[in-house]
Amino acid sequence: VGVPEVISLIAALLQRSRIGSPLPSELQGIYDQEEYEASNRYTLAKSNLSLCKSVFDLVIFFGFWLLGGFPWLDGICVGLHFNEIF
């Protein structure tokens, strides 16, 4: 159930490991060094936000699960007659 979040977290960590690498020599005359550094800073900031969101989502999900949130929610749904699948 939490597999997509875990995969997203792993992908963000792998992407972070490549941020800040020097501009490849093949792109030296094509891509501006300053633009490349700005892109790296943006990607790092975006990755940081994604990482925080993924960790927060995992904590909330597993907290809800381990603290018995799903049986509680099931009880509420059954009480509201949402127990049939159409």
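Numbering of residues begins at 1 and proceeds along the displayed sequence. Computed over heavy atoms, backbone and side chain alike; hydrogens, waters and symmetry mates excluded.
- To the nearest 0.5 Å, atom OG1 of residue Thr43 and atom CZ of residue Arg16 are 11.5 Å apart.
- Here Asn40 contributes atom CG and Ser47 contributes atom OG; the two are 11.5 Å apart, rounded to the nearest 0.5 Å.
- The minimum heavy-atom distance linking Leu23 with Gln28 is given by the pair O-NE2, 3.2 Å.
- Clustering ILVMFWY residues whenever any of their side-chain heavy atoms sit less than 4.5 angstrom apart, transitively, puts Phe70 in a cluster other than the one holding Leu67.
- The CG atom of Leu51 sits 14.0 Å away from the NZ atom of Lys46 when rounded to the nearest 0.5 Å.
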Starting from the C-alpha separation in whole Å, work towards a yes-or-no answer on side chain to side chain contact (heavy atoms under 4.5 Å, CB included) for Tyr36 and Ser21.
CA-CA 10 Å; Tyr36 182 72; Ser21 60; 3.5 Å; yes
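- Linking Ile, Leu, Val, Met, Phe, Trp and Tyr residues whenever their side-chain heavy atoms come within less than 4.5 Å leaves Leu49 and Phe56 in two separate clusters.
- Taken to the nearest 0.5 Å, the CZ atom of Phe61 stands 9.0 Å off from the CG atom of Leu66.
- Summarising the local packing, OH of Tyr31 is surrounded by more than 12 heavy atoms from other residues, nucleotides or ligands at distances under 6.0 Å.
- Note: Cys77 SG to Trp72 CH2 = 9.0 Å, rounded to the nearest 0.5 Å.
- More than 12 non-hydrogen atoms from other residues, nucleotides or ligands lie less than 6.0 angstrom from CZ of Phe64.
- No path of Ile, Leu, Val, Met, Phe, Trp and Tyr side chains, each step under 4.5 Å between heavy atoms, connects Tyr42 with Leu14, placing them in separate hydrophobic clusters.
- Distance OG/Ser39 to CG/Leu44: 11.0 Å, rounded to 0.5 Å.
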